[in-house]
Protein chains: 2
Amino acid sequence: MNTAPIPAPADEPRWLTAEEQLVWRSYIEAATLLEDHLDRQLQRDAGMPHVYYGLLVKLAESPRRRLRMTELARYAKITRSRLSHAIARLEKNGWVRREDCPSDKRGQFAVLTDEGHEVLRRTAPGHVNAVRQAVFDRLTPEQQKSLGEIMRIVAEGLEPGETGADLPWLR
Amino acid sequence: MNTAPIPAPADEPRWLTAEEQLVWRSYIEAATLLEDHLDRQLQRDAGMPHVYYGLLVKLAESPRRRLRMTELARYAKITRSRLSHAIARLEKNGWVRREDCPSDKRGQFAVLTDEGHEVLRRTAPGHVNAVRQAVFDRLTPEQQKSLGEIMRIVAEGLEPGETGADLPWLR
DNA sequence: GACCCTTTCTTGAAGTTTAAACAAAAGCGG
DNA sequence: CCGCTTTTGTTTAAACTTCAAGAAAGGGTC
């Protein structure tokens, strides 16, 4: 008698079920549309893409409005290379300036300038509004809570340094 | 006596609450990490970014493995311009070919080639696996369902042609 | 048909991102 | 202190995306 309730072919790919496919498609579509929408909104109103705006926000929230490059990259979930380019551009706009780190001669601080802070002050209301309209105003409190939990789980699973962490018995 | 339960300053921006901020940050982080992760996975295993892979999938699902450019762009939620460039690249790879539309001389079909189909066949298992590992394997069935509903709502709200559709009384 | 507006798709340039390679400083083990 | 590895941040070129502009055909209306 077969004790396995399901054939479970070890090497046959576990395709997504019809329901899973619908979920996945909804996710991809919403994520694409949303990022696109916010990129356009911010490009129009603040003259920069969403990611760059996020960098300014992180800096504004940080003590002395500054962060080490690597730290900023980690917070924003982007590569240091990408950050280097981004900061170069923001520097050209006068919204960020670089400063040497005194304790580590390799290190650089990205510092939010007054001008950069002013751009944030002026454009934040419009951006919050866009986010509300696109997301929060459309979801019930329960859905908002749910979304937070779900995305936190996904993010944690993808955090750098997680390679194979879900298969610890193989290490 | 003031009948308004809350001051509700008409022009003061409705900032996100602390809870909303956490939800929003989780979303941004997960979306960034996830797209990045899948881009890398597909670039490594299939030689193309996630969006391009999605285009091939749409074509594979379509009758006669072909779609009009505009239709494909609409399905994939990208601009026609972006699609033009993308198809040009995929064409260079031999995975897609263009065909004139007989009934509309402006029109073009994007057609999945056998070679393109073969790439999909070979790389789909790995990709499904990556999606499962990053998303579905980490969520309960209820969370999966919830995610689908939430993202469907968000996507619908951003569907092109929705400009001001949430303020119908202004039209 | 002539006119005008729309739709379809492409193009080129500018901006952004990625991947790989690199220089410089830090950290570590002897 | 020396040699080795790691960390930090940048740079280059190639790939990708966006934006604005434009060519070409379609779809009216008169």
Side-chain angles (χ1 to χ4, degrees), chain A residues 32-33 35-55 66-93 95-111 160-161, chain B residues 32-33 35-55 66-93 95-111 160-161:
Chain A
T32 305
L33 288 168
E35 187 58 18
D36 217 68
H37 181 66
L38 297 181
D39 263 338
R40 267 185 238 292
Q41 186 267 316
L42 283 170
Q43 193 67 62
R44 174 166 50 76
D45 299 344
M48 68 188 124
H50 189 202
V51 184
Y52 289 26
Y53 182 90
L55 297 176
R66 73 193 54 211
L67 239 30
R68 285 288 296 271
M69 294 294 280
T70 295
E71 236 176 327
L72 180 48
R74 178 164 38 242
Y75 289 158
K77 314 296 177 196
I78 64 178
T79 62
R80 273 173 320 207
S81 171
R82 186 176 177 181
L83 180 62
S84 262
H85 291 294
I87 292 296
R89 196 276 220 184
L90 292 171
E91 207 170 16
K92 211 176 299 180
N93 281 276
W95 299 336
V96 168
R97 122 181 79 84
R98 287 182 220 244
E99 260 184 45
D100 292 345
C101 175
S103 62
D104 184 340
K105 282 174 187 166
R106 298 166 304 177
Q108 290 278 101
F109 282 105
V111 186
Chain B
T32 305
L33 288 168
E35 188 57 19
D36 219 68
H37 181 67
L38 297 181
D39 264 338
R40 267 187 239 292
Q41 185 267 315
L42 283 170
Q43 194 68 61
R44 173 165 51 77
D45 299 344
M48 68 190 124
H50 189 202
V51 184
Y52 289 27
Y53 181 89
L55 296 176
R66 71 193 56 210
L67 279 175
R68 285 287 296 272
M69 293 293 281
T70 296
E71 236 176 328
L72 180 49
R74 177 164 38 244
Y75 290 159
K77 313 296 175 197
I78 64 177
T79 64
R80 270 171 318 193
S81 171
R82 185 174 177 184
L83 180 62
S84 262
H85 290 295
I87 293 296
R89 196 278 219 180
L90 293 171
E91 207 170 14
K92 211 176 298 182
N93 282 276
W95 298 336
V96 168
R97 123 181 78 84
R98 288 183 219 244
E99 260 184 44
D100 292 344
C101 174
S103 62
D104 184 339
K105 282 172 189 167
R106 299 166 304 179
Q108 289 279 101
F109 281 106
V111 186

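We name chains A, B, ... by the order of the sequence lines, and we start the count at 1 in each one.
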Undergrad: Report which part of the nucleic acid B/Asp36 touches: base, sugar-phosphate, or nothing (heavy-atom distance under 4.0 Å, all strands).
TA: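 Here B/Asp36 touches the backbone only, sparing every base.
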Undergrad: Testing the basics here: between A/Leu72 and A/Ala110, what is the closest heavy-atom pair and its distance to 0.1 Å?
TA: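 It is CD2-CB, 4.2 Å.
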Undergrad: Between A/Arg106 and A/Ala86, just flag the one whose closest nucleotide in DNA chain C comes earlier from the 5' side.
TA: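 Upstream on the strand: A/Ala86.
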Undergrad: If you look at every strand shown and take non-hydrogen atoms under 4.0 Å, does B/Asp39 touch a base, only sugar-phosphate, or nothing?
TA: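 It contacts nothing in the nucleic acid.
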Undergrad: Where do B/Asp100 and B/Gln108 come nearest, in terms of heavy atoms and distance?
TA: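 Residues B/Asp100 and B/Gln108, closest heavy atoms: OD1-OE1, 2.6 Å.
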Undergrad: Which one, D/dT17, D/dA25, D/dC19, comes nearest to the side chain of B/Val51?
TA: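 The nucleotide sitting nearest to the side chain is D/dT17.
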Undergrad: Counting only non-hydrogen atoms, which of residues 66-76 of chain B are less than 4.0 Å from DNA chain C?
TA: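 Of all residues in residues 66-76 of chain B, the ones placing a heavy atom under 4.0 Å from DNA chain C are B/Arg68, B/Met69, B/Thr70.
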Undergrad: In whole angstrom, what separates A/Glu91's CD from D/dT11's P?
TA: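 Distance, rounded to whole Å: 10 Å.
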Undergrad: Under a 3.5 Å distance rule, please check whether A/Asp39 uses its side chain to pair with a backbone N or O of A/His50 as donor and acceptor.
TA: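 Side chain of A/Asp39 to backbone of A/His50: a pair is present.
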Undergrad: Indicate, yes or no, whether a donor-acceptor pair under 3.5 Å links the base of D/dC19 to the side chain of B/Ser81.
TA: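 Result: at least one qualifying N/O pair found.
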Undergrad: Quick check on D/dC19: is either OP1 or OP2 less than 4.0 Å from any side-chain nitrogen or oxygen of A/Arg40?
TA: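 The answer is yes; a side-chain N or O of A/Arg40 sits under 4.0 Å from OP1 or OP2.
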Undergrad: With a non-hydrogen cut-off below 4.0 angstrom, is B/Arg44 in contact with a base, only sugar-phosphate, or nothing?
TA: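 The answer is nothing, as B/Arg44 stays clear of every strand by at least 4.0 Å.
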Undergrad: Using a 4.5 Å cut-off on heavy atoms from C-beta on, say whether the side chain of B/Arg98 contacts that of B/Phe109.
TA: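 Counting from C-beta outward, B/Phe109 and B/Arg98 never come under 4.5 Å.
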Undergrad: Specify the separation, in whole Å, of atom CG of A/Asp104 and atom C1' of D/dT6.
TA: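 Rounded to the whole Å, the gap is 12 Å.
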Undergrad: To the nearest Å, give me how far apart CG (A/Asp100) and P (D/dT8) are.
TA: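 Those two atoms, CG and P, are 16 Å apart.
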Undergrad: Would you kindly give the CD-to-C1' distance between B/Glu35 and D/dT17, to the nearest whole Å?
TA: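 In whole Å, D/dT17 C1' lies 13 Å from B/Glu35 CD.
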Undergrad: Quick check: on DNA chain C, is the nucleotide nearest A/Gly47 upstream (toward 5') of the one nearest B/Arg82, or the reverse? Name the residue that is more 5'.
TA: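 The residue mapped nearer the 5' terminus is B/Arg82.
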Undergrad: Chain A on DNA chain C: first and last contacting nucleotide, 5' to 3', under 4.0 Å to a heavy atom?
TA: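 The footprint of chain A covers C/dT16 to C/dA26.
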Undergrad: Could you tell me which non-hydrogen atom of A/Thr32 sits nearest to which non-hydrogen atom of B/Ala76, and how far apart they are?
TA: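 The answer is CG2-O, 4.3 Å.
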Undergrad: Please state how far atom CE in A/Met48 lies from atom C1' in D/dC19, giving the value in whole angstrom units.
TA: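 The distance from CE of A/Met48 to C1' of D/dC19 comes to 19 Å, rounded to the nearest Å.
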Undergrad: Report the distance from atom CG of A/Leu42 to atom P of D/dT18, rounded to the nearest whole Å.
TA: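 It is 14 Å, rounded to the nearest whole Å.
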Undergrad: Do A/Asn93 and A/Met48 make a side-chain contact, defined as non-hydrogen atoms from C-beta onward lying under 4.5 Å apart?
TA: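 Of all side-chain heavy-atom pairs linking A/Met48 with A/Asn93, none is under 4.5 Å.
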Undergrad: Over all strands shown, is B/Tyr52 touching base, sugar-phosphate only, or nothing at heavy-atom distances under 4.0 angstrom?
TA: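 Answer is sugar-phosphate: B/Tyr52 comes under 4.0 Å of backbone atoms only.
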Undergrad: Using a cut-off of strictly less than 4.0 Å, decide whether B/Arg89 has a side-chain nitrogen or oxygen near OP1 or OP2 of D/dA15.
TA: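 B/Arg89 to D/dA15 OP1/OP2: no side-chain N or O under 4.0 Å.
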Undergrad: Could you say whether B/Ile78 or A/His85 is positioned toward the 5' end of DNA chain D, judged by the nucleotide with the nearest heavy atom to each?
TA: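 Nearer the 5' end of the strand: A/His85.
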